[in-house]
There are 2 protein chains.
Amino acid sequence: MKDLLYLKDEQIKDCIQLLINAYRETLSDPKDVLKKKSLGFAHLRTMYLIDMESGISVNELLYKLKITKQSLNRVLKDLKRLKIIKQIKDNKDTRRRLLYFDKDGQKIHNEVFEAQKKRIFNALKDSDPNSVIKFKDVLSKIINGKK
Amino acid sequence: MKDLLYLKDEQIKDCIQLLINAYRETLSDPKDVLKKKSLGFAHLRTMYLIDMESGISVNELLYKLKITKQSLNRVLKDLKRLKIIKQIKDNKDTRRRLLYFDKDGQKIHNEVFEAQKKRIFNALKDSDPNSVIKFKDVLSKIINGKK
DNA sequence: AAAATATGTCAACATATCTGACCAAAAAAT
DNA sequence: ATTTTTTGGTCAGATATGTTGACATATTTT
């Protein structure tokens with residue numbers, strides 16, 4: 001049995017606090033860029049997923065964002081209106097309408113990403129590659145761990 | 001000059017995604033406990049700070065939460081009404097009204113914390129103490145790093 | 001006495017989320 | 001061929017959290 005005495009409640013509370021603040025700061029960096037386009041965090045999170053997985057379906061987005069389709073639909077409507085994303089029917093299953101960046105989409109998303117990049121980059125640049133992997137690993141475990 | 005080739009945009013995007021999801025999952029664990037008491041995340045974040053620094057002032061809370069006093073006031077009003085917190089005048093400066101848990105406060109906060117604890121604990125229990133320190137260090141750097 | 005600080009409050013509004021109901025097209029199951 | 005399920009879209013109303021701006025009160029500092 002491993003010695004877990006170092007893992008006291010105070011440590012865990014610290015982690016929760018840090019997580020809350022890191023989330024807030026990271027999300028607040030692109031606030032101005034987003035505001036110029038009348039976009040919010042909901043739009044940003046959706047753009048991130050479309051950037052990382054071009055051609056993602058609405059259902060997959062719903063699964064990953066963990067919001068209701070009514071909420072997502074408003075976001076998608078905005079993004080389509082602004083020519084940031086477009087939907088193209090899947091030939092194999094024409095019920096599915098896959099999501100891609102439209103003309104301005106990639107450019108705007110890159111702008112948003114640049115606004116966030118430095119904060120994360122600076123936090124990681126002094127760590128060795130192994131630490132970065134461990135950092136991601138702990139976050140993954142937090143996400144996938146059952147309660 | 002350090003070799004930072006491993007720190008590509010994809011890695012950074014991964015980190016942002018993980019941060020967003022870890023925040024969401026961590027905050028959603030105590031949802032049911034909070035709902036029973038008609039409380040939300042705003043109340044939870046305030047309770048955390050009062051738990052970690054008993055006797056904190058309203059101004060310090062405002063600084064740490066980065067919200068307006070009008071928002072905070074609504075939260076404090078709820079918590080006082082529910083006998084979760086109480087305010088006691090600072091003898092040295094009676095303008096200040098320091099915040100403490102009231103009768104039911106600590107108990108309810110412990111309930112909330114227990115709902116979140118396991119997720120963080122399980123994520124950290126396989127890491128050595130040094131990794132936990134590094135994890136917290138990276139999060140701190142994300143928070144304090146300038147854009 | 002005047003200015004600054006700490007706190008509280010009102011009102012109007014913005015954003016992002018939710019629930020619940022309902023609809024249509026296409027695919028899958030029977 | 002008909003029924004059921006899946007995928008996506010929409011309307012309406014509600015809740016939680018945040019904002020801005022204006023104003024009030026008590027206390028401390030200058």
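We name chains A, B, ... by the order of the sequence lines, and we start the count at 1 in each one.
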Check your understanding: Rounded to whole angstroms, how far apart are CZ on B:Phe41 and P on C:dA16?
Key -> 16 Å
Review point. Base, sugar-phosphate, or nothing: which does A:Lys80 touch, judged by heavy atoms less than 4.0 Å apart?
Key: sugar-phosphate
Exercise for review: Could you pull out all residues at least two apart from B:His43 that satisfy ring-ring contact (aromatic ring centres under 6.0 Å, His included)?
Suggested key: none
Exercise for review: Please check if any side-chain donor atom of A:Asn110 sits under 3.5 Å from a side-chain acceptor atom of A:Glu114, or the reverse.
Suggested key: no
Practice item. Give the rounded distance in Å between these two atoms: OH of A:Tyr23 and P of D:dT17. Key: 14 Å
Review point. Does the distance from a Lys or Arg side-chain N to an Asp or Glu carboxylate O, for A:Asp29 and A:Arg119, drop under 4.0 Å?
Key: yes
Study note, to complete from the structure: One should read off an interatomic distance between A:Leu76 CG and A:Leu61 CG, to the nearest 0.5 angstrom, of 6.5 Å
Review point. Where along residues 55-74 of chain B does a heavy atom fall under 4.0 Å from DNA chain C?
Key: B:Ser57, B:Val58, B:Asn59, B:Lys69, B:Gln70, B:Asn73
Check your understanding: Hey, are A:Lys134 and B:Ser131 close enough side-chain-wise for a donor-acceptor pair under 3.5 Å?
Key -> yes
Check your understanding: Does A:Arg97 put a side-chain nitrogen or oxygen below 4.0 Å from OP1 or OP2 of D:dG9?
Key -> yes
**Study point:** B:Arg24 vs C:dA16: side-chain N/O to OP1/OP2 distance below 4.0 Å
**Key:** no
Review point. Atom NZ of B:Lys77 to atom C1' of C:dT7: distance rounded to whole Å?
Key: 13 Å
Review point. In whole Å, what is the span from the NZ atom of A:Lys31 to the C1' atom of C:dT15?
Key: 13 Å
**Study point:** Point-to-point distance, once rounded to the nearest 0.5 Å, from OG1 of A:Thr46 to CG of A:Leu65
**Key:** 5.0 Å
Check your understanding: Taking atom P of D:dG9 as reference, at what distance in whole Å does atom CG of A:Leu98 sit?
Key -> 11 Å
Practice item. Write out the stems for DNA chain D, ordered by first number and formatted as range with range, counting runs of at least 3 consecutive Watson-Crick or G-U wobble pairs under 3.5 Å. Key: C:1-30 with D:1-30
Review point. Nearest-Å distance, CG (B:Leu79) to C1' (D:dA16)?
Key: 14 Å
Point to revise | Residues that, via side-chain heavy atoms closer than 4.5 angstrom, fall in one hydrophobic cluster with B:Leu98 | key: B:Ile88, B:Tyr100
Exercise for review: Tell me, please, which residues at least two apart from A:Phe113 pass ring-ring contact (aromatic ring centres under 6.0 Å, His included).
Suggested key: none
Point to revise | Between P of D:dA16 and NZ of B:Lys35, the distance in whole Å | key: 8 Å
Could I get a table of every N or O pair under 3.5 Å where one atom is in the protein and the other is in nucleotides 27-30 of chain C?
{"residue": "C:dA27", "atom": "OP1", "partner": "A:Thr94", "partner atom": "N", "Å": "3.1"}
{"residue": "C:dA27", "atom": "OP1", "partner": "A:Thr94", "partner atom": "OG1", "Å": "3.2"}
{"residue": "C:dA27", "atom": "O4'", "partner": "A:Arg95", "partner atom": "NE", "Å": "3.4"}

Check your understanding: Hey, is the side chain of B:His43 poking within less than 4.0 Å of OP1 or OP2 on D:dT17, counting only N and O atoms?
Key -> yes
Point to revise | Intermediate values then yes/no, side-chain contact (heavy atoms from CB on, under 4.5 Å), B:Gln17 and A:Lys64 | key: CA-CA 10 Å; B:Gln17 278 300 306; A:Lys64 294 195 176 184; over 6 Å; no
Point to revise | Interatomic distance, A:Lys8 atom NZ to A:Gln11 atom CD [nearest 0.5 angstrom] | key: 9.5 Å
**Study point:** Side-chain donor-acceptor contact under 3.5 Å, B:Glu25 with A:Asn144
**Key:** no
**Study point:** Rounded distance in Å - NZ (A:Lys86) to P (D:dG8)
**Key:** 18 Å
Exercise for review: Return yes if a side-chain donor-acceptor contact under 3.5 Å exists between B:Gln116 and B:Tyr48, otherwise no.
Suggested key: yes
